[in-house]
Amino acid sequence: MFHLAEQRLREALTTLLKERYGVDIPVVIEQPKQSDLGELAAPVAFALARQLKKAPKVIAAEIVAALPPVPGIASLEVAGNGFLNARLDRGAYGALLLAAASQAPATLPGKTIVEHTNINPNKAAHIGHLRNSVLGDTFVRMLRASGRTVEVQNYIDNTGVQVADVVVGFHHLEKKSVDEVRALLAAPRFDYYCWDLYARTSAYYADHPEAIQWRRDALHAIEHGEGVIAELGHLIADAIVECHLTTMWRLGISYDVLPRESEILHLQFWATAFEQLKQRKAIYFVEEGKNKGCWVMAATHFRDSAGEDSGDDDAKVIVRSNGTVTYVGKDIAYQMWKFGILGKDFHYTPLRTYPDGHVAWVATADESEAVTNRPAFGGGTEVYNVIDSRQSYLQDVVVAGLRALGYEQQADHSIHFSYEMVALSPRTCVELDIPLSEEDKKKSYVEVSGRKGLGVKADDLIDKLIEKAQVEVDARHAEKPEAERKRVATQIAIGALRYFLLKFTRNTVIAFDLQEALSFEGETGPYIQYAAVRAGKILAKLVERGEQIPEFTEVLDAEKMARQLSSEPFWQLLLAASKSGSALNAALSSGEPAAMARYAFQLAQAFNTFYQDYPILPEKDPEKRTVLLWLAVFFQKQLHHTLQNVLGIPVPEYM
RNA sequence: GGGACCGUAGCUCAGCUGGAUAGAGCAUCUGCCUUCUAAGCAGAGGGUCGCAGGUUCGAGUCCUGCCGGUCCUACCA
């Protein structure tokens, strides 16, 4: 609703500037720093001052005098050295919000593909993975809330080095048979078992460098689908994927389709891409030098700075001298598939049906198990890859590949949704008995290492949060049934975790601090949930007392709104609550889920202040009481939507 | 060597395409539970926005240089 007012003012000013001064400049509308200056501000007079050779103040005054009334805007005034400040017509604004049914946004054309999670299926997920998934999932929700059609992909590298290492661990170190592994993976927390085994295998390599040959052999066997090793590889990877899906679902995160590396190999996606790359001369064969015998992409394609002199040595190897393709090569093929320009597709079979009925599909190379009655996958118009920022170089190469093939549009719509890693605060390392070197102790954060088995497992963290929330819930609501308390505690835990991972902007390294993450006070998820619960409680109490929630559209009108909303605190709360759409657009265009999280927090803050100062139920003045009730209802609706639909944070029944 | 990012309150972080008196949370201190739940609210202290120049009506934000830190720059992913 708010952006409508912005838009109107912008258009009115643009028209006026054109007609009166003959200038066509973009009119910036912003919000004044202080609320008593109005709701909208336009610093246009400053921009015009030089052109018109007049003082900004004079220009602003002229504009105020000349601007015809703008619907929804009550007044326009000059402030400071030449700001144009506008005040909204509060009564009209309130009436508009009252009348507007919660309309779903219009569906936008095209399909947006968001790839996130992408965890190597060889061990339990840790907090770094959670940041990826929560960021990705929230961004997906933001896109959907704005009317976009989104497909969520979770790419599974089930034939890579990391899986091979765990296979080596089972086969060579533990000498376990397929059946023995099968028995293990049926037991709970197989991913934890692999977490330790992976660390042990890595340590073994360090002590026995010759054992690296096991890895090479395993990798080869897995890629070619040969023998016991390959069987183990599939068994382990599939089981771990199940673990990851279960972990993510605890946070409300689900997927539409899981493309797998093994299918990319078997269906020869790469071969198809390779032909295209060769034909279009996007890559070339190196005859001598460092990269002799490789197919490479010239550095000029993906590096602005690479000049004439950058030779073959700076190029990125796509096909190794032994004929195997690098990950980047496969990624180019995969990215082409995402846009529907590869000319090939996977077969698909259902992998999991979530409790809400949603089905996640998995790619298969086996036509016999393919299910044809299914959604269409791939073929997106824009693609977001949620991948940590350390891989930006490789993402650049992938995009350069598309460009070199002539797919300019697809290259432009390939977005590396990058984010920084999650490290551990030194304090938390001490708490978790993670050994710190002298060097580490001086740093503000310590990097986690999956290979060393150092880190915070996702499920452990979630469990810890639930446990802590449970203590709080039990203390406040001992009379409630246990199962219910457990559910509430879980919702609080999810809120705390998701908000914690979202409150940082993407390119900020999170120095994960356990105490901070476990906090339920201040700028946290539970704080926001609490505001929503409080609003709900007012309405519940009202009904409990035998009253009914009024039909606001019948008992309120613009005049009553105007009268009550002249009170600044009421107006400020309404204004804040009405900005959820603007906040979504802003967060979307900046690509920062953190902005949306922050909006929710600020809205909760506004409500908590209001809640403290204006008890609604005891209010004597009936008109005021009705408006306040409506405010609570409107606030609740907006916050619920922002929390549940956009941020994926549940709202508990009570707290 | 080349590229990218970062440096804002004691700590952790916001600060939208340059705009009005630089903001939150935590921590510290002071108040507020007989009220729709205190997981809350009100208030206080705390800043040469790394340093130095420049651009202009205006710079935390843009440009240059320097200082400090991180990541990338694999025939690993």
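A quick note: this is a predicted structure, and the numbers were derived from the prediction, not measured.
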Could you give me the CA-CA distance, side-chain angles and deciding distance for A:W295 and A:F274, then say whether ring pair (Phe, Tyr, Trp, His ring centres under 6.0 Å) is met?
-> CA-CA 10 Å; A:W295 286 87; A:F274 193 27; 5.5 Å; yes
Check your understanding: By centroid distance (under 5.5 Å) and plane angle (under 30°), are A:Y393 and B:G3 in a stacked arrangement?
Key -> no
| message | Considering every strand and a 4.0 Å limit on heavy-atom distances, what is the contact class for A:N85: base, sugar-phosphate, or nothing? | response | base
Exercise. Looking at B:U21, does its base get a donor-acceptor pair with the side chain of A:Q34 below 3.5 Å?
Worked result: yes
Side-chain contact check for A:D157: nearest option of B:G19, B:C72, B:A77 is B:A77
Side-chain contact check for A:E447: nearest option of B:C71, B:U21, B:C75 is B:C71
Please state the C1' separation for the pair B:C51 and B:G60 - nearest whole angstrom. 14 Å
By nearest-heavy-atom nucleotide on RNA chain B, the more 5' of A:P43 and A:S590 is A:S590
Intra- and inter-strand pairing of RNA chain B, written as dot-bracket with Watson-Crick and G-U pairs under 3.5 Å and | for the latter, reads (((((((..((((.....[...)))).(((((.......))))).....(((((..]....))))))))))))....
Checklist entry - Would you call the rings of A:F500 and A:F504 parallel, tilted or perpendicular, where under 30° means parallel and over 60° means perpendicular? => result perpendicular
Here the gap from A:R485 atom CZ to A:R487 atom CZ, rounded to the nearest 0.5 Å, amounts to 12.0 Å
Output side-chain donor-acceptor pairs under 3.5 Å for residues 506-521 of chain A, partner residues at least two apart or in another chain, one line each.
unit_1 : atom_1 : unit_2 : atom_2 : d
A:R506 : NE     : A:S418 : O      : 2.9
A:R506 : NH1    : A:G591 : O      : 2.4
A:R506 : NH2    : A:S418 : O      : 3.4
A:T508 : OG1    : A:T505 : OG1    : 3.1
A:D513 : OD1    : A:S425 : OG     : 2.9
A:D513 : OD1    : A:R427 : NE     : 3.1
A:D513 : OD1    : A:R427 : NH2    : 3.1
A:D513 : OD2    : A:R427 : NH2    : 2.5
A:D513 : OD2    : A:Q515 : N      : 3.3
A:D513 : OD2    : A:E516 : N      : 3.1
A:S519 : OG     : A:E521 : N      : 3.2
A:S519 : OG     : A:E521 : O      : 3.3

query = What integer number of Å spans the C1' atoms of B:A39 and B:G58?
reply = 43 Å
Does the side chain of A:Y530 get closer than 4.0 angstrom to OP1 or OP2 of B:A39 through an N or O atom? yes
**Asked** OP1 or OP2 of B:U37 sitting under 4.0 Å from any side-chain N/O of A:K537?
**Response** yes
So with a 6.0 Å cut-off around CG of A:D396, is the heavy-atom count from everything else above 12?
-> yes
Hits for side-chain hydrogen bond (donor to acceptor under 3.5 Å, both in side chains) against A:R10, two or more places apart or cross-chain, chain-then-number order -> none
task: For side chain to side chain contact (heavy atoms under 4.5 Å, CB included), just list the numbers for A:N85 and A:L40, CA-CA rounded to whole Å, side-chain angles, deciding distance to a tenth of an Å, and then say yes or no.
output: CA-CA 6 Å; A:N85 289 344; A:L40 299 169; over 6 Å; no
For a quick check of understanding: with a heavy-atom distance under 4.0 Å over all strands, which category does A:V471 fall into, base, sugar-phosphate or nothing? nothing
Side-chain donor/acceptor contact of A:T326 with base of B:C75 under 3.5 Å: no
B:U61 and B:U56: how far apart are their C1' atoms, nearest whole angstrom? 14 Å
Looking only at B:C75, B:C36, B:A39, the nucleotide nearest the A:I538 side chain is B:C36
Quick note, salt bridge (charged side-chain N to carboxylate O under 4.0 Å, His left out) partners involving residues 580-607 of chain A, not counting sequence neighbours, are A:E523-A:R598
| said: Could you check whether any side-chain heavy atom of A:E653 comes within less than 4.5 Å of a side-chain heavy atom of A:E484, counting everything from C-beta outward? | reply: yes
For A:R260, the side-chain hydrogen bond (donor to acceptor under 3.5 Å, both in side chains) test, sequence neighbours excluded, returns A:D238, A:E263
### Task
Would you classify A:K57 as touching base, sugar-phosphate or nothing, given that sugar-phosphate means primed atoms plus P, OP1 and OP2, and contacts are heavy atoms under 4.0 Å?
nothing
(Q) Parallel, tilted or perpendicular: which one describes the rings of A:Y327 and A:Y155, with boundaries at 30° and 60°? (A) perpendicular
The side-chain hydrogen bond (donor to acceptor under 3.5 Å, both in side chains) partners of A:Q612 (sequence neighbours excluded) come to none
Residues in residues 504-529 of chain A with a heavy atom under 4.0 Å of RNA chain B, by number, are A:F504, A:T505, A:N507, A:T508, A:V509, A:E516, A:F520, A:E521, A:G522, A:E523, A:Y527
Residues in residues 603-614 of chain A with a heavy atom under 4.0 Å of RNA chain B, by number, are A:Q605, A:N608, A:T609, A:Y611, A:Q612, A:Y614
(request) Pick base, sugar-phosphate or nothing for A:L539, based on heavy-atom distances below 4.0 Å to the nucleic acid. (result) nothing
Closest to the side chain of A:A41, out of B:U37, B:A20, B:C36, is B:A20
Subject >> Distance between P atoms of B:G2 and B:A77 (Å, rounded) >> reply: 28 Å
Should the ring pair A:F570 and A:F610 be called parallel, tilted or perpendicular, given that the plane angle runs from 0 to 90° and is split at 30 and 60?
-> perpendicular
Check your understanding: Which part of the nucleic acid, if any, lies within reach of A:P615 when heavy atoms closer than 4.0 Å are counted: base, sugar-phosphate only, or nothing?
Key -> base
query: For the base of B:A24, is there a side-chain donor-acceptor partner from A:R598 under 3.5 Å away?
result: no
Phosphate contact (B:A38 OP1 or OP2) by A:R534 side-chain N/O below 4.0 Å: yes
Give every pair of a protein N or O atom and an N or O atom of nucleotides 43-46 of chain B that lie under 3.5 Å apart, one pair per line with the distance.
none

Considering only heavy atoms from C-beta outward, does the side chain of A:N154 approach that of A:E115 to under 4.5 Å? no
Residues pairing under salt bridge (charged side-chain N to carboxylate O under 4.0 Å, His left out) where one sits in residues 539-548 of chain A, two or more places apart or in two chains, turn out to be A:E547-A:R625
Worksheet entry | Distance, C1' atom - from B:A24 to B:G47, rounded to whole angstrom | 15 Å
**Prompt:** Contact class for A:F601 vs. all strands (heavy atom < 4.0 Å): base, sugar-phosphate, or nothing?
**Reply:** sugar-phosphate
Comparing nearest nucleotides in RNA chain B, the 5'-proximal residue of the pair A:V325, A:A79 is A:A79
Between A:R451 and A:Q162, is there a side-chain heavy-atom distance shorter than 4.5 Å? no
Looking across every strand, which nucleic acid part, if any, lies under 4.0 Å from A:I318 by heavy atom: base, sugar-phosphate, or nothing?
nothing
With a cut-off of 3.5 Å and sequence neighbours excluded, list every side-chain donor-acceptor pair involving residues 26-35 of chain A.
unit_1 : atom_1 : unit_2 : atom_2 : d
A:Q31  : OE1    : A:K579 : NZ     : 2.8

Might you list the N or O atoms of the protein lying below 3.5 Å from N or O atoms in nucleotides 57-63 of chain B, with each pair's distance?
unit_1 : atom_1 : unit_2 : atom_2 : d
B:C57  : OP1    : A:R50  : NE     : 3.4
B:C57  : OP1    : A:R50  : NH2    : 3.0

Which of B:C36, B:A39, B:A77 is nearest the side chain of A:M655? It is B:A39
| message | Is the distance between the ring centroids of A:Y334 and A:F269 under 6.0 Å? | response | no
Using the C1' atom on both, measure B:C36 against B:G23 and round to a whole Å. 31 Å
